[in-house]
Trainee: 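Handing you a structure now.
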Amino acid sequence: MKEVITALMLWISTQTGWPIPEHPNITYIENGKEFFLLSNDCDQKPDQKVCIDYDDDSNILALYNHITKTIYLHKDFWLASIKDQSILLHELVHHMQYSMDYKKYKMMCRGDIEKESYDLQELWLQMRDTNLEETIQLGPLFRHVITQCDAIF
């Protein structure tokens, strides 16, 4: 895994000019519910309506926590899979965004943060003769919506 992370961060660095930071922590998650609860800070604030009303319908593929510098991957992550490598690359972009300039990262809207990651993920996938829509079923319209600064997701 360390070699793949290094190779992906090196590729990101060649595309962006960003320095290569220390490797992030990697934690594996059991299911979509755990991803959803983590993404909504339900471990910190369990009384939020979103945490109480959770309906077990999460399509989160991975997460990055900039505070703990941890990438959360699904327990079935498969290193040989182009799809899973692209998901890891997407999260590594977040890690590198934060590591390069944490003040800028914290000031960016979520849409801009995601746009940069999806653009690099798309470029990496195109070099492997595929794309986001084929690989993770992320169509152009939904991608456009989630990469806007006024997006609510």
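A quick note: this is a predicted structure, and the numbers were derived from the prediction, not measured. The chain is numbered in sequence order, starting from 1.
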Trainee: When rounded to the nearest 0.5 angstrom, what is the spacing between OG in Ser117 and CD1 in Ile12?
Mentor: 8.0 Å

Trainee: Sequence neighbours excluded, which residues qualify as ring pair (Phe, Tyr, Trp, His ring centres under 6.0 Å) partners of His95?
Mentor: Tyr64

Trainee: If you compare all heavy atoms of Asn131 against all heavy atoms of Glu134, which two are closest, and at what distance to 0.1 Å?
Mentor: OD1-N, 2.8 Å

Trainee: Would you call Leu88 and Gln85 a side-chain contact if the rule is heavy atoms closer than 4.5 Å?
Mentor: no

Trainee: Rounded to the nearest 0.5 Å, what's the gap from CG on Asn65 to CG on Asn25? Could you check?
Mentor: 9.5 Å

Trainee: Side chains of Gln121 and Val93, heavy atoms from C-beta outward: is any pair under 4.5 Å?
Mentor: no

Trainee: Hydrophobic cluster membership, with links at side-chain heavy-atom distances under 4.5 Å among I/L/V/M/F/W/Y: are Met127 and Leu8 in one?
Mentor: yes

Trainee: So do the side chains of Ile26 and Ile5 get within less than 4.5 Å of each other, counting heavy atoms only?
Mentor: yes

Trainee: What's the shortest heavy-atom distance between Glu133 and Pro140, and which atoms?
Mentor: OE1-CD, 3.6 Å

Trainee: For the pair Gln15 and Trp124, evaluate side-chain contact (heavy atoms from CB on, under 4.5 Å) and give the outcome as yes or no after the intermediate values.
Mentor: CA-CA 10 Å; Gln15 302 304 309; Trp124 188 86; over 6 Å; no

Trainee: Kindly write out the residues that satisfy side-chain contact (heavy atoms from CB on, under 4.5 Å) with Lys104, not counting sequence neighbours, or none if the list is empty.
Mentor: Asp101, Met108

Trainee: Count the heavy atoms belonging to other residues, nucleotides or ligands that lie under 6.0 Å from CD of Glu22, then report whether that count exceeds 12.
Mentor: no

Trainee: What pairs of donor and acceptor atoms, side-chain ones from residues 75-82 against any protein atom, are under 3.5 angstrom apart with sequence neighbours left out?
Mentor:
from: Ser81; atom 1: OG; to: Lys83; atom 2: N; distance (Å): 3.2
from: Ser81; atom 1: OG; to: Asp84; atom 2: N; distance (Å): 3.1

Trainee: Have His94 and Glu116 got a donor and an acceptor in their side chains that come within less than 3.5 Å?
Mentor: no

Trainee: Which distance, rounded to the nearest 0.5 Å, do you find between the CG of Asp119 and the CG of Leu132?
Mentor: 9.0 Å

Trainee: Heavy atoms only: give me the nearest Leu120-Trp11 pair and the separation to one decimal.
Mentor: O-CH2, 3.4 Å

Trainee: Give, for atom CD1 of Ile71 and atom NE2 of His23, the distance between the pair rounded to the nearest 0.5 Å.
Mentor: 10.0 Å

Trainee: Can you tell if the side chain of His74 reaches within under 4.5 Å of the side chain of Leu61, non-hydrogen atoms only?
Mentor: no

Trainee: Given side chains that start at C-beta, do those of Pro21 and Met9 come closer than 4.5 Å, heavy atoms only?
Mentor: yes

Trainee: When you measure from the side chain of Ser13 to the backbone N and O of Trp18, does any donor-acceptor pair fall under 3.5 Å?
Mentor: yes

Trainee: Could you walk me through whether Ile136 and His90 satisfy the side-chain contact (heavy atoms from CB on, under 4.5 Å) test, starting with their C-alpha distance in whole Å, then the side-chain angles of each, then the deciding distance to 0.1 Å, before giving a yes or no?
Mentor: CA-CA 12 Å; Ile136 62 169; His90 179 103; over 6 Å; no

Trainee: Determine the minimum heavy-atom distance between Gln97 and Ile113, stating which atoms define it.
Mentor: NE2-O, 3.2 Å

